[in-house]
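Have a look at the structure below before the remarks.
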Amino acid sequence: MTKTDVLHAVRLARLDLTLVGRNTTVLFNVMLMPLLLAALYSSFPTGDVAGVEGKVFVLTGVPGLMLAFAVFINLVNAFTSRREELVLKRLRGGQPSAVAVMAGSGLGALAVFLFQALLIGIWVNRFEDVLPVNVPLMVLAAVLGVAVFGLLAAAFSGMTPNAEMAQITVLPVLLVMMVAAPVAFPADALPGPLAVVSNLLPVTPIVEMMRTGFLGADHFGDGGEKLTMAGQWTAALPSIGILLVWVVIGALLARWLFRWEPRHG
Amino acid sequence: MIFPMRTRQLADATGTGTTGPEDVIEVGGLRQKYGDFEAVRGISFTVPRGEVFALLGTNGAGKTTTMEVLEGYAPATDGTVRVLGLDPIRQHRELRPRVGIMLQEGGFLGDLTVAETVDLWKGLSRDAGRPVTMSGSTELPGGFTLLGSRIRRVDRVTMGALELVGLEKKARVRVKQLSGGQKRRLDLALAVLAAPEVLFLDEPTTGMDPEARRTTWKVVEDLRDAGTTVLLTTHYLEEAERLADRLAIMHEGRIHTHGAVEEVVATSGDMIAFRLPGTSWTFGDLPVLDGVAPALTYASGGTEVGYTLSGSDAGTRAHAALRPLLAWADTRGETLERLAVRRGTLEDVFMRVVGEA
């Protein structure tokens, strides 16, 4: 990626943020819906989970679920409608490279996601008096999460014929994330095979890395023991590995399925 | 010359591929297939620097497909394509800053304003705002000046591009609120923003009102005078006659006729045209004049009859052909309504190509 690519990506990311602010539907789905979801999840009356108060457990993991809205749904919609309106074609015919166009959308989505995660962080700090312990680990989780779901969004947009259909295309992924993501309970609390599947999904390592980074304790299972900074990174390695595998899978799927133009005929 | 041998061989087949040292666009034996459908069937042509070349044809003739291969949107199925000596696909990065593209439709974000759209594109173009020298030594309005801050200069470049296409009063309007013709003008502003060496215009004036069309023509003429090479597709024959130095008429993926505009029009020769009442007339009912059979079209309860007499002595032949025609009408007791002898037009050539093919 050249310096020009980086400049183009930043400009396109700014464009994406401008457009999110101008479209009420997108603004609601991408910005408000995840926060409402966080409020809903955290309102369930639960006791302590893995040694943490239930509300804190939910709120520190919910950013993983927010990726579905801020990145996946947002980008499937954006890629599909821009392909339909030939915006992607125009960009491809201009000076920005394909990498810059994709990176620009990813960067915009990352900014939206980080903003939401920041709001959750402030919320947890203000009302639950908990400060994040390992911010770099949380940021790494965010970057890898945006990369995985951004690439999956590119692939899914390739299977989506038009913007109306995008609402339906995203549903399976959204449902799987809502059911299997260990937001309200640890992944290991799921029954046998479902726990194995949940641990292999990209959303689980993101939720667990976020929670571990925030609370400074091992939340990659159902333990919750306090960890040193080095211990947190060591415990996160398998999750990072799973996410890197998903990045490769997402890149291959995007390369195979993503289209710059509507199909001819 | 990038591929002289190849082009010369193809030139024999199509007659359009003679290369020169200043050829900016070179197409040799281009074929383009989508599945089983062959949209372009082996065409060749070259466009020298500073020339406006028009591709004419009916819908589905292969014009836009040809254009898109040259723009680097799709690799050619077969044949050779070069723009400024570069391969549009493999040398994409080097080529993009040097070409301007006006798409046939769309490509805008409706929620951006007109000025924001130009601003965005300017931010994504290396040479955006570089002065474009126009005829009469004017510059792209709002181009480089020494006035004010960087922000002011940026604003001037954006406004300058909009003034060029007459959209300055729409600067704060969202793109989704523009008419079809205004969107075409915005597209033109984006295409010329970086002062391209080569400009691809795909049906540039579709949907424009007559005034906007003339403004667009003026922009294209000024760019041509400044040395920009223009490849243009259009359905408007008047536009091609006004703007193009040379043209090619495509039909069903092939180039059927080509050359300088005057040469192409001259091939249509002279035409004897009249109208007969009723729609029951057939070829057999009408005389053959100087070895030429009539062309018939039926409209509004009548039959339009036309004889095209080509060749350098077309005028003399038309004069001579009138006598037997009038004799035939006298014998049959028919009146030749709106009888006229006129020079052929580009439309006549176009209709002949489309009809014959």
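Just so we're on the same page: letters track the sequence lines, and every chain starts at 1.
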Inset, instruction - With the side chain counted from C-beta on, respond yes when A:His8 and B:Leu124 share a heavy-atom pair under 4.5 Å apart, and no when they do not. - result: yes
Inset, instruction - For atom NZ of B:Lys170, decide whether the heavy atoms of other residues, nucleotides or ligands shown that lie under 6.0 angstrom number more than 12. - result: no
Legend entry - Top of A:Leu12, A:Leu19, A:Thr4, A:Leu7 for chain B proximity - count of heavy-atom pairs under 4.5 angstrom: A:Leu19
Legend entry - B:Leu109, part contacting chain A, at a heavy-atom distance under 4.5 Å: both
Inset, instruction - Go through the atoms of B:Glu116 and report whether side chain, backbone, both or neither lie under 4.5 Å from a heavy atom of chain A. - result: side chain
Inset, instruction - Step through the shown structure and confirm whether more than 12 heavy atoms of other residues, nucleotides or ligands are within 6.0 Å of CE on A:Met31. - result: yes
Inset, instruction - Mind jotting down which residue pairs meet the ring pair (Phe, Tyr, Trp, His ring centres under 6.0 Å) criterion with at least one end in residues 140-164 of chain A? Sequence neighbours excluded, please. - result: A:Phe72-A:Phe156
Inset, instruction - Let me know if B:Leu190 has heavy atoms under 4.5 Å from chain A in its side chain, its backbone, both or neither. - result: side chain
Inset, instruction - Select all residues of residues 80-92 of chain A having any heavy atom within less than 4.5 Å of some heavy atom of chain B, and report them by number, or 'none'. - result: A:Arg82, A:Glu85, A:Leu86, A:Val87, A:Lys89, A:Arg90, A:Leu91, A:Arg92
Inset, instruction - For atom CZ of B:Arg41, decide whether the heavy atoms of other residues, nucleotides or ligands shown that lie under 6.0 angstrom number more than 12. - result: yes
Inset, instruction - For A:Met1, look at atom CE and say whether over 12 heavy atoms of other residues, nucleotides or ligands are found less than 6.0 Å away. - result: yes
Legend entry - Between OG1 on residue A:Thr2 and CZ on residue B:Arg93, distance to nearest 0.5 Å: 4.5 Å
Legend entry - Atom pair OG1/CG of B:Thr117 and A:Leu15 - distance to nearest 0.5 Å: 9.0 Å
Inset, instruction - Taking atom CZ of B:Arg90 as the centre, report whether more than 12 heavy atoms of other residues, nucleotides or ligands fall under 6.0 Å from it. - result: no
Legend entry - Spacing of CZ belonging to A:Arg11 relative to CH2 belonging to B:Trp121, to within rounding of 0.5 Å: 12.5 Å
